[in-house]
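First up is the structure itself, then whatever we jot down about it.
On a predicted model such as this, the values are computed, not experimentally measured, just so you know. Side-chain atoms are counted along with the backbone in the values below, which use heavy atoms only and exclude waters and symmetry mates. Residue numbering restarts at 1 for every chain, and letters A, B, ... go by the order of the sequence lines.
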Amino acid sequence: MSIVKEVLKNLLSKPITIEYPRKKPTPVEKDFRGRHYADLKKCTGCTLCAIECPSNCITMEKLPENIKLKHNPRGLYPNINYMSCVFCYRCVTVCPVDAYITTNEYRLSSVKEVFSRELTLQTVRE
Amino acid sequence: MERATSLIKIPVTLEIPIGPQHPAIHEPILIKVYADGEEVVGVEIGTGYNHRGVEKLLENNTFYKDKFIVSRICGICNTVHENCFVRAVEYLAEIKPSPRAEYLRVLVMELERIHSHMLINAIMAEIIGFDTLFMYIMRDRELIMKAKEIVSGGRVLADFHMFGGVRRDIDEVKRDKLIEILKKVEPRLKYYRKLFENDPTISKRLTEIGVLKTRDVVSHGMVGPILRGSGVRSDTRAEDRYDAYDEIKFNVIVRSEGDSLARMLVRWDEALESLEMCKYILEHLPSGPAIVDERKLPRTFPAGESFTRVEAPRGELTYYIQHTGGSKPYRVKVRTPSFNNIINSGFSYLRHSIADVPVILVSYDPCISCMERAIVVNLRDGVEKKVTLKEIAMGKVKL
Amino acid sequence: MSSIKEIEDIFSSYIIGKDTVKPNRPRFHIDVSNLKEAITLLKQRFGEEALYISNIIGVDKITEGIIEVNYFIHIIPLANTIVIKVVVPRDKPQVPSLIDMIPGAYSGECETYDLLGVDFVGNKYLKRSFFVPTDVVSRDIFPLRKDAKV
């Protein structure tokens with residue numbers, strides 16, 4: 001008898017799986033460790049995150065000519081390669097000025113390499 | 001011309017490679033089975049498909065980078081790897097985490113134990129051809145993964161530990177969510193446990209299969225649920241009382257049968273036990289700080305040696321660190337439970353039929369990325385095989 | 001702690017040094033020629049169903065020209081792991097194999113041989129490319145030695 005009950009229950013219930021890319025994304029927590037990038041309003045270009053990164057995915061790059069920041073005398077900013085990032089958030093916790101902006105965005109798969117450059121530079125353009 | 005009057009058939013020992021792709025569990029390991037008819041007469045376990053030189057890598061990186069590398073040795077049991085490494089370094093530096101941090105560490109490790117035990121039981125159901133049960137267990141396992149995501153911020157890789165504490169804390173809202181999830185999981189776990197005990201399909205495939213005597217298990221150095229499934233009361237959590245295990249009450253599950261079913265039931269009972277522990281932790285979480293400020297931690301650690309043990313879902317996991325000063329360890333040795341359980345397991349497949357080999361392998365809960373190496377030749381079986389062939393050749397066996 | 005003292009008594013004629021591995025694992029330094037007798041005594045005292053080899057860890061000390069081999073033996077009734085340390089010269093590292101007494105030594109001995117080149121005399125199953133990829137083996141280097149460039 002129990003099998004009939006089980007069958008009926010499963011026939012009438014919604015599917016447990018999600019059609020991932022087509023419909024709404026998988027629900028994740030607000031503080032899920034997702035895409036993160038540096039905020040140039042705070043970043044001092046100290047390169048500590050690049051030194052501490054366990055997967056060596058952060059490279060320090062020169063700021064473009066038109067951006068001059070007083071608190072960033074060396075003119076450097078971290079550029080994260082999300083393809084080799086392991087999302088351990090060591091850079092976030094080790095940053096002396098809390099310059100990293102964290103999101104719960106996890107949909108990062110791509111055929112090309114994805115970098116945080118654009119997102120980081122946007123923080124001062126606004 | 002003389003006519004043949006009789007036909008002589010020579011029984012050839014079949015060599016059947018099981019693996020290296022998906023032998024039973026979806027991981028790379030080669031089990032070369034020598035079979036005489038249906039009976040297994042010899043087993044070679046060939047691995048090394050996954051050796052990544054982690055120990056050398058750990059020697060060349062700082063402690064802080066190592067902390068994240070060790071948690072990537074294995075996906076399923078990443079927090080126990082972290083815990084073991086972090087505690088080894090804490091013993092060196094004589095740092096003591098706060099009580100709240102200790103409780104949270106245990107919470108994450110116990111959640112991990114539940115989902116790991118559910119996974120291997122689901123795979124066991126799949127191996128014996130019970131795919132519906134596999135789907136059911138995996139569906140309910142998803143709830144535990146969610147709980148782990150709520151606590152640590154990652155479904156699989158927690159990255160939760162840090163020297164001297166943890167990296168995240170939980171608030172009241174998260175606590176209520178977790179209790180809600182645990183309430184949902186509990187009846188399911190009890191149901192599956194009952195199913196494994198009573199279901200005729202499962203018991204036919206698992207009882208009396210892969211029976212291990214206490215003496216063999218101990219002398220071959222097998223650990224964890226295998227040891228406890230064969231009647232040895234040995235649980236690192238109860239022996240070492242690390243972190244908050246000295247304050248949280250739990251029972252060590254021991255069964256005396258020693259067969260595959262006993263091992264699986266030990267896992268279900270442990271999962272239920274872990275669930276109780278999680279509930280206890282959430283109700284009795286001490287207040288105070290838990291998160292450690294990573295910017296204020298020391299760059300270097302004092303020289304010394306430490307050896308830590310952790311009860312991973314698969315058994316005893318050990319880390320040995322030798323440090324001669326500076327920011328990098330001199331030598332790190334990781335000994336994972338699967339390293340002992342799988343490499344030394346060659347003797348246990350003998351005299352079972354070929355169809356039982358995957359069942360026995362899965363009942364050991366192999367984690368190849370943990371083990372990452374090794375080849376076993378069981379010579380005793382080789383001798384047996386030679387004798388048979390010789391006897392045939394010398395006409396001692398009636399054909 | 002009285003039981004730890006008991007082990008000390010068992011080993012008393014062999015011990016050439018003593019220290020502790022953090023947090024609380026007693027370590028006994030033993031000459032390599034006495035290793036087998038010490039393990040036999042230990043087995044006699046605690047019985048076959050009470051101890052297993054948890055670990056065999058080799059450490060290459062390049063500055064001193066030695067290789068340390070630490071045997072971590074877990075004793076179930078004591079609920080603790082004791083350590084037996086033997087020291088062998090780096091250019092001729094030979095240790096008697098324990099595989100005939102404790103079959104569980106197999107995994108640890110094979111691994112230590114493949115990664116550090118410690119020869120366990122009496123173990124017939126030792127072979128290269130146990131873990132190490134064949135390209136490294138063909139260059140005849142032991143990857144965990146400190147002078148190995150892998």
Side-chain angles (χ1 to χ4, degrees), chain A residues 2-11 13-18 20 25-36 42-44 46-58 80 84-100 102-108, chain B residues 57-58 61-72 75 78 82 132-133 135-136 138-143 145-162 165-171 173-174 177-178 191 194-195 198-199 291-297 299 327:
Chain A
S2 62
I3 194 160
V4 181
K5 227 161 72 186
E6 199 71 35
V7 166
L8 281 174
K9 210 171 86 190
N10 282 325
L11 273 176
S13 62
K14 271 194 301 179
I16 198 84
T17 47
I18 300 165
Y20 164 59
T26 324
V28 289
E29 291 298 306
K30 267 204 198 83
D31 53 359
F32 182 80
R33 289 197 310 269
R35 184 170 64 196
H36 55 295
K42 288 181 187 168
C43 178
T44 57
C46 68
T47 60
L48 194 60
C49 50
I51 295 165
E52 282 295 321
C53 179
S55 64
N56 291 335
C57 71
I58 302 179
I80 306 168
S84 52
C85 177
V86 293
F87 297 96
C88 63
Y89 273 26
R90 175 72 177 153
C91 46
V92 180
T93 48
V94 86
C95 182
V97 289
D98 289 323
Y100 274 93
T102 59
T103 66
N104 66 351
E105 181 57 62
Y106 63 93
R107 290 167 294 172
L108 294 163
Chain B
L57 187 67
L58 293 175
N61 280 296
T62 61
F63 278 106
Y64 289 93
K65 287 188 184 185
D66 285 350
K67 202 239 110 210
F68 295 101
I69 293 167
V70 293
S71 65
R72 276 151 187 87
N78 64 80
E82 268 183 315
T132 320
L133 184 58
M135 299 287 182
Y136 269 39
M138 291 307 263
R139 179 189 73 190
D140 295 326
R141 180 174 173 262
E142 210 52 39
L143 292 167
M145 305 300 279
K146 189 75 191 171
K148 221 178 144 194
E149 184 191 318
I150 292 168
V151 183
S152 68
R155 259 181 100 249
V156 179
L157 288 164
D159 284 334
F160 192 67
H161 292 64
M162 186 38 77
V166 290
R167 303 179 78 206
R168 264 165 194 259
D169 205 345
I170 57 169
D171 51 16
V173 184
K174 284 184 176 180
K177 265 190 192 172
L178 288 170
Y191 170 71
K194 210 178 86 197
L195 197 71
N198 299 335
D199 190 82
I291 301 172
V292 58
D293 191 350
E294 290 173 37
R295 286 165 285 200
K296 290 185 183 129
L297 285 170
R299 304 305 310 157
S327 60

Q | Interface residue of largest heavy-atom contact number with chain B, from A/D98, A/T17, A/L48, under 4.5 Å | A | A/D98

Q: Sort A/F87 into side chain, backbone, both or neither according to what part of it lies under 4.5 angstrom from a heavy atom of chain B.
A: backbone

Q) Which value, rounded to the nearest 0.5 Å, describes the distance between B/L157 atom CG and A/R33 atom CZ? A) 7.0 Å

Q. Which atoms of B/M135 come close to chain A, meaning under 4.5 Å heavy atom to heavy atom: side chain ones, backbone ones, both, or neither?
A. neither

Q) Any residues in residues 63-70 of chain B near chain A, with a heavy-atom distance under 4.5 Å, and which are they? A) B/Y64, B/K65, B/F68

**Q.** Evaluation steps, side chain to side chain contact (heavy atoms under 4.5 Å, CB included), between A/E52 and B/E294
**A.** CA-CA 11 Å; A/E52 282 295 321; B/E294 290 173 37; over 6 Å; no

**Q.** Heavy-atom pair with the smallest gap, counting every atom of B/K146 and A/V28
**A.** NZ-CA, 3.9 Å

Q.
Tell me whether B/R139 contacts the main-chain N or O of A/I16 through its side chain, where contact means a donor paired with an acceptor under 3.5 Å.
A. no

Q: Could you tell me which non-hydrogen atom of A/D31 sits nearest to which non-hydrogen atom of B/R168, and how far apart they are?
A: O-NH2, 2.9 Å

Q.
Restricting to non-hydrogen atoms, name the atom on A/C88 and the atom on B/R72 that form the minimum distance, rounded to 0.1 Å.
A. CB-NH2, 4.1 Å

Q. Judged by atom type as modelled, is there a donor-acceptor pair below 3.5 Å linking the side chain of B/R167 to the main-chain atoms of A/T93?
A. no

Q) Are the side chain of B/E149 and the backbone of A/E29 linked by a donor-acceptor contact shorter than 3.5 Å? A) yes

Q. Which bit of B/Y136 is near chain A, if near means a heavy-atom gap under 4.5 Å: side chain, backbone, both or neither?
A. side chain

Q.
Can you list everything that forms a side-chain contact (heavy atoms from CB on, under 4.5 Å) with A/T47? Sequence neighbours excluded, please.
A. A/I51, A/M60, A/R74, A/L76

Q. Taking atom OG1 of B/T132 and atom CD of A/E6, what is their separation to the nearest 0.5 Å?
A. 10.0 Å

